[in-house]
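Structure record follows, encoded as structure tokens.
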Amino acid sequence: MKYSTFIFDLDGTLLDTLHDLAASCNYALSQHGMPTHSTEDVRRFVGNGVRLLMERAVPGGSTNPLFEEAFADFRHHYMKHALNTTRPYKGIPELIHRLKERGCHMAVVSNKMMAATQELVHHFFPEIAVAIGEHESAGIRKKPDPDTVHEALRQLGVSDRSSAVYVGDSDVDIATARNAGLACISVLWGFRDRDFLLAHGATSLAASPDELLQYI
């Protein structure tokens with residue numbers, strides 16, 4: 001199947017954000033005397049928004065009386081340090097450039113905070129004009145609800161869903177694509193491995209950004 005619209009997840013798909021997320025997570029935990037986590041621990045925590053990341057990281061989760069303070073510290077720290085080590089995965093800038101050259105529509109949808117999503121996308125991928133992050137106060141619910149995808153397609157002016165494909169690295173992305181009525185390509189360079197993705201319903205896999213070019 002060939003596509004002219006690509007809806008990308010951000011963390012683990014376009015950008016390797018793991019080390020900055022882990023640093024902000026551990027900063028917030030240490031501010032409140034809580035045990036910190038390894039980068040591999042944080043890899044398992046990510047994938048469904050920063051609030052759930054912190055619920056998994058804080059002892060007792062959201063029931064911890066210090067949770068909201070720790071979460072606020074995380075958000076504040078991450079907004080200041082989101083670009084410290086975050087970089088595109090190898091081959092991603094070239095992929096975005098090729099898609100742009102071929103006239104493809106592109107958008108990013110993320111469970112990351114709206115401000116951070118837009119800052120990162122505009123910084124690393126100025127060719128991508130549409131970036132939708134967590135913004136439930138505006139009636140846009142986070143993934144796996146399809147609201148972010150619907151909003152991205154609306155902003156792109158794309159009504160033919162059969163021309164669009166969702167690209168992500170997690171089970172949440174697979175569910176989001178399904179809920180939005182889109183085909184899904186699961187990438188193998190992100191936060192989840194092949195066995196995990198297949199166990200959660202992945203049907204198309206890409207081992208490198210170059211492999212996505214076969215779909216245009």
Side-chain angles (χ1 to χ4, degrees), residues 9-87 108-121 131-149 168-179 186-187 189-202:
D9 171 55
L10 185 59
D11 296 42
T13 300
L14 298 182
L15 293 178
D16 184 355
T17 57
L18 183 60
H19 294 282
D20 285 336
L21 288 167
S24 292
C25 173
N26 284 332
Y27 168 82
L29 295 172
S30 64
Q31 289 296 104
H32 298 279
M34 300 174 186
T36 58
H37 295 280
S38 70
T39 301
E40 285 308 305
D41 285 340
V42 176
R43 181 189 297 275
R44 292 192 294 272
F45 297 161
V46 298
N48 201 16
V50 292
R51 186 177 183 89
L52 186 55
L53 159 61
M54 289 303 292
E55 287 180 1
R56 291 166 172 165
V58 170
S62 60
T63 64
N64 189 308
L66 295 176
F67 175 80
E68 294 299 337
E69 293 179 34
F71 183 44
D73 286 341
F74 168 88
R75 291 170 66 97
H76 179 73
H77 188 273
Y78 188 69
M79 286 305 301
K80 292 178 63 176
H81 299 279
L83 293 173
N84 281 12
T85 64
T86 288
R87 297 291 183 272
V108 170
V109 298
S110 175
N111 278 344
K112 190 184 291 295
M113 297 168 286
M114 178 71 85
T117 298
Q118 295 185 337
E119 178 185 3
L120 289 167
V121 172
I132 311 294
E134 181 183 345
H135 199 36
E136 294 195 13
S137 62
I140 300 174
R141 293 167 292 184
K142 69 179 184 179
K143 303 183 291 184
D145 191 279
D147 281 0
T148 52
V149 177
D169 74 306
S170 74
D171 54 322
V172 173
D173 294 315
I174 294 167
T176 301
R178 181 174 61 248
N179 293 338
S186 300
V187 305
W189 56 81
F191 297 160
R192 302 290 185 264
D193 62 24
R194 178 188 296 268
D195 290 344
F196 179 94
L197 292 168
L198 290 174
H200 286 84

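Predicted, not measured: the structure shown is a model, and the values here were computed from it. We number each residue from 1, following the sequence as shown.
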CA sep, side-chain torsions, deciding dist, call: D145, N179, side chain to side chain contact (heavy atoms under 4.5 Å, CB included): CA-CA 7 Å; D145 191 279; N179 293 338; over 6 Å; no

Close side-chain approach of [X] and [Y], heavy atoms under 4.5 Å:
{"X": "L83", "Y": "L120", "value": "yes"}
{"X": "D169", "Y": "W189", "value": "no"}
{"X": "L21", "Y": "F74", "value": "yes"}
{"X": "R56", "Y": "L52", "value": "yes"}
{"X": "T17", "Y": "F191", "value": "yes"}
{"X": "L53", "Y": "V42", "value": "yes"}
{"X": "E119", "Y": "M79", "value": "yes"}
{"X": "R51", "Y": "F67", "value": "yes"}

Candidate pair T148 and K142, rule side chain to side chain contact (heavy atoms under 4.5 Å, CB included), full reasoning: CA-CA 7 Å; T148 52; K142 69 179 184 179; 6.0 Å; no

For H81, side chain to side chain contact (heavy atoms under 4.5 Å, CB included) partners two or more places apart: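 Listed in chain order: H77, N84.
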
Counting N and O atoms only, with roles assigned by atom type, does the side chain of [X] sit under 3.5 Å from a partner on the main chain of [Y], one being a donor and the other an acceptor?
{"X": "Q118", "Y": "A131", "value": "yes"}
{"X": "D9", "Y": "G168", "value": "no"}
{"X": "D171", "Y": "H200", "value": "no"}

L29 and C25: CA distance, side-chain angles, deciding distance, side chain to side chain contact (heavy atoms under 4.5 Å, CB included) verdict: CA-CA 6 Å; L29 295 172; C25 173; 3.9 Å; yes

Flag if over 12 foreign heavy atoms under 6.0 Å of NE2, H32: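 Buried by this count: over 12 neighbours within 6.0 Å.
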
Audit row: R87, L15, side chain to side chain contact (heavy atoms under 4.5 Å, CB included) steps and yes/no: CA-CA 6 Å; R87 297 291 183 272; L15 293 178; 6.0 Å; no

Minimum heavy-atom distance between D73 and A28, given as atom pair plus value: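 Heavy-atom minimum between the residues: CB-CB, 4.0 Å.
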
